[in-house]
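The structure appears right after this line, and notes come after that.
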2 protein chains.
Amino acid sequence: MNAWPKGMKRTKSRVAIYKVLEAASQPLSPKEIHARINQGDFWLSTVYRVLGQFEQEKMILRIAGMDVNHTLFELNRHEHKHFAVCVGCHQRFELDDCPIHEDVHVQAEGFEITEHRVEVFGYCAECLERMRSSKVKHDA
Amino acid sequence: MNAWPKGMKRTKSRVAIYKVLEAASQPLSPKEIHARINQGDFWLSTVYRVLGQFEQEKMILRIAGMDVNHTLFELNRHEHKHFAVCVGCHQRFELDDCPIHEDVHVQAEGFEITEHRVEVFGYCAECLERMRSSKVKHDA
DNA sequence: TCCCACTTGCGAAACATTCGCATCTGGATA
DNA sequence: TATCCAGATGCGAATGTTTCGCAAGTGGGA
């Protein structure tokens, strides 16, 4: 828990939420975060507020899953990474490297790029296998 | 209005919604679509239902804007295109070509890619100009 | 230790989206 | 063309997520 913005108080809820995000291997929804810290007793609205502040301070990243209208958050580990999301099981797998090269060209004179988002969707090996075997059963 | 899936009735609401999407130059939210067709009287829940069906039939595409948790829809013109979105004015500008090449490599044996999403964010020339001039005023 | 600006508890409110069911209607068929 | 019915819509309630308001509580600087 380095990189704590000066001026931000280390309150119980903030520290608890930060720890949950730090320990998570996959991005979490506000509800999941709330569930994971809630041996204590924090309010869901507080979780939202804290996540909002963390996001402003760029401590965390807000991402959209395949199904829009479920927001997820993850710690900003300050790495430039993109992911492949399995449509079957929602697991996320890192891409070896950023597929966007420097030569992106926008059809608008003077557009200044600050950021980009890349997401790849598909099926992981297990889900492919599961689909194949259930298909065999149905066909038989 | 070609490409109408056979088996899908041409009801008033469906036709109206389709026309709105066909005429739109930018993706629209369900509410905007509802507003644009509503010289007649369609129900917002109907708009959602119809959009869901259109999406299933792959007649339209559902996309996430810069602020996640605001869903937008646009007609599927069956072109492979990506966009740069201006963070200032939310206008969308087409990219010259898809920056994703064939060599995407996922760190998961056997992952099968079916789809990808690329979005670039930044500022268009007008917004940059606007920011510059207002900054000058403040600095003065 | 005191103090106060910033946080949180708590619940209500504001949204977006989905669901249920009675009624209606497009379009296949006679 | 008239009839019929599976599927579509009107309508509003329900659900789920996210934000807001305000009184009470608390971290951390003086």
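Any value given below was found using the heavy atoms of this structure, including those in side chains, with hydrogens, waters and symmetry copies removed. Here is how names work: the chains are called A, B, and so on, in the same order as the sequence lines, proteins then strands, and each is numbered from 1.
- Taking five base pairs at each end of the helix from dT1(C)-dA30(D) to dA30(C)-dT1(D), the local helix axes there meet at an angle of 30°, rounded to 10°.
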Does the side chain to side chain contact (heavy atoms under 4.5 Å, CB included) test come out yes or no for V87(B) and Y123(B), once each step is laid out?
-> CA-CA 6 Å; V87(B) 176; Y123(B) 292 93; 4.2 Å; yes

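- Rounded to an integer number of Å, the gap from R14(B) CZ to dT25(C) P is 15 Å.
- Within residues 25-32 of chain B, the residues approaching DNA chain C are P30(B), K31(B), by heavy-atom distance under 4.0 Å.
- Taking only distance into account, the side chain of S45(B) never meets the base of dG10(D) through a donor-acceptor pair shorter than 3.5 Å.
- Atom NE2 in H34(A) sits roughly 16 Å away from atom P in dG16(D) (whole-Å rounding).
- R10(A) places no side-chain N or O within donor-acceptor distance of the main-chain N or O of V15(A), the cut-off being under 3.5 Å.
- Of all the residues in residues 49-59 of chain A, R49(A), V50(A) reach under 4.0 Å from DNA chain C with at least one non-hydrogen atom.
- Atom pair D41(B):CG and dC11(D):P shows a separation of 7 Å (rounding to whole Å applied).
- Every ring-ring contact (aromatic ring centres under 6.0 Å, His included) that F111(A) has, sequence neighbours left out, goes to F93(B).
- By the side chain to side chain contact (heavy atoms under 4.5 Å, CB included) test, E129(A) pairs with R132(A), S133(A), sequence neighbours left out.
- A side-chain donor-acceptor contact under 3.5 Å links H34(A) to the backbone of F42(A).
- Taking atom CZ of R62(A) as the reference point, atom P of dT17(D) lies 14 Å away to the nearest angstrom.
- A donor-acceptor contact shorter than 3.5 Å links the side chain of T114(B) to the backbone of F121(A).
- For E55(A), the salt bridge (Lys or Arg N to Asp or Glu O under 4.0 Å) partners are R62(A), not counting sequence neighbours.
- Residues forming a side chain to side chain contact (heavy atoms under 4.5 Å, CB included) with H78(A) (at least two apart in sequence, or on another chain): N76(A).
- Side-chain contact of H116(A) with H82(B): a donor-acceptor pair under 3.5 Å is absent, judged by distance alone.
- Distances shown here put every side-chain N or O of Y48(B) at or beyond 4.0 Å from the OP1 or OP2 atom of dT18(C).
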When you check every protein heavy atom under 4.0 Å of nucleotides 25-30 of chain D, what one-letter string (B, S, -) results, 5' to 3'?
-> --BS--

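- Taking atom NZ of residue K6(B) and atom C1' of nucleotide dG7(D), one finds them 16 Å apart after rounding to whole Å.
- dT7(C) atom P lies 19 Å from atom CG of L44(A), rounded to whole Å.
- A search for side chain to side chain contact (heavy atoms under 4.5 Å, CB included) contacts involving D96(A) returns H105(B), Q107(B), not counting sequence neighbours.
- One interatomic measurement links the two molecules: CZ of F42(A) to P of dG9(C), which rounds to 7 Å at whole-angstrom precision.
- Evaluation of the side chain to side chain donor-acceptor pair (under 3.5 Å) rule for Q91(B) yields no partner, not counting sequence neighbours.
- Each of W43(B) and G7(B) lies near DNA chain D, and the nucleotide nearest G7(B) is the one positioned closer to the 5' end.
- At least one donor-acceptor pair under 3.5 Å links the side chain of E32(A) to the backbone N or O of S29(A).
- By the side chain to side chain contact (heavy atoms under 4.5 Å, CB included) test, T46(B) pairs with S13(B), W43(B), R49(B), V50(B), sequence neighbours left out.
- Residues satisfying the salt bridge (Lys or Arg N to Asp or Glu O under 4.0 Å) test with E94(A), not counting sequence neighbours, are K81(A).
- OP1 or OP2 of dT17(C) lies within a sub-4.0 Å distance of a side-chain N or O belonging to T71(B).
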